[in-house]
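The structure appears below as structure tokens.
Note: hydrogens, waters and symmetry copies are ignored here, and every other heavy atom, side chains too, is used. Because the structure is a prediction, the values reported are computed rather than measured.
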Amino acid sequence: MNKNRTGLKSLLEILMVSTRLGLTSFGGPVAHLGYFHDEYVRRRKWMDEKSYADLVALCQFLPGPASSQVGIGVGVMRAGVAGGIMAFLGFTLPSVIALIIFAILLQGINPAEAGWIHGLKIVAVAVVAHAVLGMAQKLVPDLPRKTLALFAIIVTLLWQTAITQIAVILISGFIGFLLYKKHADNNEARMDFPISKGFAIGCLVLFFALLIILPILRELTALDWVALFDSFYRSGSLVFGGGHVVLPLLEREFVPTGWLSEEAFLAGYGAAQAVPGPLFTFAAYLGAVMNGWQGGLLATAAIFLPAFLLILGTLPFWDTLRRNPNIKGALMGVNAAVVGILIAAFYHPIWTSSILEPADFAFAAVLFSMLVYWKLPPWIIVVTGAIGGTILGSIF
């Protein structure tokens with residue numbers, strides 16, 4: 001691996017490379033990891049194969065957007081913390097800007113009357129159905145984990161609160177620890193990161209301090225921006241499984257409380273499929289709908305801050321953690337619960353708010369086939385969804 005460099009030239013290089021990735025990386029987190037591998041490992045040789053694989057393993061373990069955390073980790077290993085910031089900005093800002101613009105353009109439109117917005121909601125059905133199938137095949141291959149996923153579906157649907165989801169994840173993690181702690185493989189090579197353990201501990205302390213302090217400040221101050229920051233920070237802190245799983249957390253934070261309508265929420269989720277980069281930038285759209293471009297930037301900072309603090313806080317300790325069979329076993333249980341939570345989110349609010357007529361189901365099947373079987377780019381699926389929704393709205 002190339003020697004770490006922290007000079008301005010190196011930082012600009014990281015920013016330029018990551019920005020190009022942010023403009024072209026369609027297809028979700030798995031595709032993002034493929035783009036990263038091709039750019040950072042094969043072409044530029046900033047990392048070797050083993051180091052990249054170990055970094056991906058760490059980010060799969062942490063809550064938050066895995067692909068963004070991998071990008072941050074690559075930047076950190078290349079040029080320290082400043083390199084991680086450059087990698088994050090380049091990969092994230094293109095989709096943030098696009099979604100804030102979309103939210104501003106949406107103002108003044110009644111989502112319930114716009115056929116193209118209904119089409120974007122049907123796009124969300126196809127995309128999440130694809131995510132459910134892919135994750136289920138990988139993360140719940142045996143009967144115990146299928147049972148954990150079923151447990152998560154039932155509990156999450158019957159008691160639809162963020163606390164319920166946290167409890168489901170903790171319980172599933174404990175069961176996974178009991179069932180799978182002997183399944184771990186600890187034949188791992190050592191790896192080093194250019195971050196001190198003291199700095200890492202400070203990041204972890206700040207992560208948990210904000211998780212505790214922000215809800216208290218929210219109650220004491222009753223300020224909208226504090227409430228906004230708290231909701232997005234908490235959502236970004238508690239998501240295992242990536243952007244699709246953050247959907248139910250965000251929906252339950254903002255739709256029942258009246259911050260925005262369910263139609264506007266799902267329209268933005270559909271639009272988020274049209275842009276490259278991490279799906280967590282959906283927060284930029286939500287913040288902009290609620291409080292203009294300033295709200296979009298605040299929401300983006302809040303939802304990604306936990307990812308930053310966690311990756312910086314765990315990098316120096318990962319070599320020890322990844323050898324711990326108890327942690328690996330618990331993670332297997334957590335991943336099964338994530339699948340169940342995703343299935344529950346697929347039913348409500350996505351399916352119940354989008355598939356209203358037989359024609360909607362038929363159109364969703366077409367979009368799903370375009371995405372899964374014909375393997376068309378996601379932006380084509382989104383454009384087709386918007387046009388098809390307009391046509392359906394004029395016919396039915």
Keeping the roles fixed (side chain from [X], backbone from [Y]), state whether a donor-acceptor pair exists under 3.5 Å.
X      : Y      : result
Thr281 : Gly277 : no
Lys146 : Pro141 : yes
Asp360 : Glu357 : yes
Ser354 : Trp351 : no
Tyr233 : Phe207 : yes
Ser196 : Phe199 : yes

Minimum-distance pair of heavy atoms, taken over all atoms of [X] and [Y]:
X      : Y      : result
Tyr52  : His37  : OH-N, 3.5 Å
Leu312 : Cys203 : CB-SG, 3.9 Å
Phe363 : Gly389 : CE2-N, 3.9 Å
Pro94  : Gly90  : CD-O, 3.2 Å
Gly333 : Leu148 : CA-CD1, 3.9 Å
Thr92  : Pro278 : OG1-CG, 4.2 Å

Is [Y] reachable from [X] through a run of I, L, V, M, F, W or Y residues, each pair having side-chain heavy atoms under 4.5 Å apart?
X      : Y      : value
Leu220 : Leu223 : no
Val123 : Trp374 : yes
Ile303 : Phe208 : yes
Phe346 : Leu356 : no
Val125 : Tyr373 : yes

Relative to Phe91, does Arg20 satisfy both conditions: NZ or CZ under 6.0 angstrom from the six-membered ring centre, and within 45 degrees of the ring's axis?
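No - Arg20 does not lie over the ring of Phe91 by the 6.0 Å and 45° rule.
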Are Phe304 and Phe88 close enough that their ring centers fall under 6.0 Å?
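Centroid separation for Phe304 and Phe88: below 6.0 Å.
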Could you tell me if the ring centre of Tyr285 sits under 6.0 Å from that of Phe265?
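That pair fails the under 6.0 Å test.
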Go through the steps for Asp230 and Arg234 under the test salt bridge (Lys or Arg N to Asp or Glu O under 4.0 Å), then give the verdict.
CA-CA 6 Å; Asp230 170 54; Arg234 189 159 17 90; 2.9 Å; yes
To the nearest 0.5 Å, tell me how far [X] [atom1] sits from [Y] [atom2].
X      : Y      : atom1 : atom2 : result
Arg78  : Ser10  : CZ    : OG    : 5.0 Å
Leu371 : Ile380 : CG    : CD1   : 11.0 Å
Ile381 : Ser369 : CD1   : OG    : 9.5 Å
Cys59  : Leu315 : SG    : CG    : 7.5 Å
Thr156 : Phe151 : OG1   : CZ    : 8.0 Å
Leu62  : Leu310 : CG    : CG    : 5.5 Å

Could you walk me through whether Asp142 and Tyr180 pass the side-chain contact (heavy atoms from CB on, under 4.5 Å) test, one step at a time?
CA-CA 12 Å; Asp142 52 39; Tyr180 295 108; 2.9 Å; yes
Quick one: do Phe282 and Phe232 satisfy ring pair (Phe, Tyr, Trp, His ring centres under 6.0 Å)? Show the steps, please.
CA-CA 11 Å; Phe282 175 47; Phe232 282 108; 8.8 Å; no
Go through Leu367 and Ile122 one step at a time and tell me if the side-chain contact (heavy atoms from CB on, under 4.5 Å) criterion holds.
CA-CA 8 Å; Leu367 294 174; Ile122 298 177; 3.9 Å; yes
Would you check, one step at a time, whether the test side-chain contact (heavy atoms from CB on, under 4.5 Å) holds for Trp46 with Glu13?
CA-CA 12 Å; Trp46 287 359; Glu13 181 186 23; 3.7 Å; yes
Evaluate the side-chain proximity of Thr300 to Phe280: yes if any heavy-atom separation is below 4.5 Å, no if none is.
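Sidechains of Thr300 and Phe280: no contact.
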Close side-chain approach of Phe229 to Asp224, heavy-atom, < 4.5 Å
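Sidechains of Asp224 and Phe229: no contact.
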Check the side chains of Arg218 and Ser231 for a donor-acceptor pair under 3.5 angstrom, ignoring hydrogens and angles.
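Yes - a donor-acceptor pair under 3.5 Å links their side chains.
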